[in-house]
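First comes the structure, then the notes that go with it.
All values below come from the heavy atoms of this structure, side chains included, with hydrogens, waters and symmetry mates left out. A quick note: this is a predicted structure, and the numbers were derived from the prediction, not measured. Lettering follows sequence order; numbering is per chain, from 1.
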Amino acid sequence: MKIGCRKTKDLLGDYIDKLLDASKVSLVDAHLANCPECRAAIVELRELDDVIASTMTSEPARDLWVDVKTRIARDRQAKHPRSTGPLFPRWAFAGTLALAAMLAFVLPVPMARLATDKQSGASVTSAVTDAGYGATYIAGHELLNLRQARLFDHASGVVLASLATNDAAGNQGHGAHH
Amino acid sequence: MASESSPGTDSKTREDQQLLKQWQCGNEAAFEELFHKYQTRVYSLARRLTRSDADAEDITAETFARAYISLKGISEGANVMPWLFRVAVNLCRDLGRRKTSRRTFSYDEQATVSERESLAITQPDLSQEPLGRLQDSEMKQQVAAAIESLPDWQREVIVLFYLQDKSIDETAKILSTRTGTVKSRLSRAREALQSALKEYVTGSKSG
């Protein structure tokens with residue numbers, strides 16, 4: 001099988017780009033061997049191809065890495081504004097919890113189950129986790145009528161509030177259950 | 001069927017994937033290495049498509065900033081260069097659309113008069129340069145100007161094709177089109193460049 005000039009010229013682009021299968025390459029090669037006009041056309045196309053390839057790349061006037069880093073930092077800040085912002089919302093939340101814990105001792109409203117060990121007479125503590133608020137109330141009962149309470153924030157491990165009060169009337173603790 | 005990738009493409013891809021993996025494992029220097037490996041290609045793509053140095057710098061930086069966010073969670077085996085090119089092409093198109101809506105002329109005509117003038121061929125001093133080097137330099141300038149004057153759909157194809165080591169498949173994937181479409185656009189772009197060069201050569205001889 002042979003191909004003519006028109007078909008060969010249609011295939012020349014794929015030929016120089018190495019996109020033809022072996023059978024078509026053979027057909028083009030056979031035609032080129034006998035056609036000076038198509039040989040001249042492929043030389044011209046290859047020259048153009050080389051010039052295009054060498055023209056395509058442009059170097060930036062400066063290294064753009066600094067620009068990239070600046071944008072990455074900007075994107076991070078936009079994504080996590082709390083990482084650089086004030087901690088007010090977190091502490092506002094913690095303050096609310098602390099106030100609630102203090103009220104639980106001042107008012108006869110049990111917010112946490114307390115446990116005491118009368119037999120040993122020592123100060124014991126019992127922790128009850130309030131899963132809904134993510135805080136733990138730790139209450140202590142001592143024979144000296146001193147009741148202590150501390151409120152922990154699980155996330156930070158910080159003592160958010162502590163309470164120590166003398167309670168002459170209620171040495172068993174308002175919220176204590178045995 | 002002959003291979004549609006140039007030799008060395010697979011090893012480059014493997015290198016990229018290793019760098020990507022190192023970066024995903026916490027080695028920040030690997031991302032910087034990827035950046036310096038592809039900065040020029042992404043810039044060249046953006047420069048050819050936008051015809052503006054400033055826009056090309058902006059798009060290059062934005063492409064890599066987006067890569068920093070998006071490639072962190074990309075699967076192992078992802079091909080970095082086509083990903084970067086796809087983002088850069090989309091940013092160039094977005095910029096073109098924004099400019100079109102701001103100005104009254106089309107995306108294709110966004111280059112300013114001064115930009116076009118800067119692309120025009122300057123007549124070199126014949127007494128200063130060797131003939132071969134002169135012809136080569138002149139021809140490059142002529143081809144560069146001719147590429148920039150191609151319509152978008154031809155310019156995108158020809159620029160991506162050459163910047164991607166002549167991969168028809170990857171060019172088609174980036175532009176979300178068929179390989180047949182890429183081939184025909186490439187062929188037309190080459191014809192246009194060839195006739196532009198012939199006009200130049202004819203004009204030079206007669207002038």
Measure the shortest side-chain to side-chain distance between [X] and [Y] over non-hydrogen atoms and say whether it is less than 4.5 angstrom.
X: Leu45(A); Y: Gln194(B); answer: yes
X: Phe161(B); Y: Ile52(A); answer: no
X: Gln142(B); Y: Val51(A); answer: no
X: Ile16(A); Y: Lys166(B); answer: no

Tell me whether [X] at atom [atom1] has more than 12 heavy atoms from other residues, nucleotides or ligands lying less than 6.0 Å away.
X: Lys9(A); atom1: NZ; answer: yes
X: Lys72(B); atom1: NZ; answer: yes
X: Glu37(A); atom1: CD; answer: no
X: Arg188(B); atom1: CZ; answer: no

Using a strict threshold of under 4.0 Å (side-chain N to carboxylate O), is an ion pair present between Asp53(B) and Arg62(A)?
no
Run the salt-bridge test on Lys183(B) and Asp17(A) with the 4.0 Å N-O cut-off and return the result as yes or no.
no
Cut-off 4.5 Å, heavy atoms of chain B, and the answer for Glu47(A) is neither
Of the listed Asp63(A), Asp75(A), Asp10(A), the one with the largest count of heavy-atom pairs under 4.5 Å with chain B is Asp63(A)
Heaviest contributor of heavy-atom pairs below 4.5 Å to chain A, chosen from Glu57(B), His36(B), Arg66(B), is Glu57(B)
From the list Thr60(B), Asp58(B), Leu186(B), the residue making the most non-hydrogen contacts under 4.5 Å with chain A is Asp58(B)
Next item on the list: Taking Ser58(A) for its side chain and Ser44(B) for its backbone only, find out whether a donor-acceptor pair lies under 3.5 Å.
Entry: no
Q | Backbone N/O of Leu64(A) and side chain of Gln39(B): donor-acceptor pair under 3.5 Å | A | yes
Test side-chain hydrogen bond (donor to acceptor under 3.5 Å, both in side chains), reference Tyr162(B), set Asp49(A), Thr57(A), Thr55(A), output is Asp49(A)
side-chain contact (heavy atoms from CB on, under 4.5 Å) for Phe35(B) and Lys69(A)? Distances and angles first, verdict last. CA-CA 11 Å; Phe35(B) 167 79; Lys69(A) 283 198 293 185; over 6 Å; no
Between the CE atom in Met56(A) and the OG1 atom in Thr40(B), the distance rounded to the nearest 0.5 Å is 14.5 Å
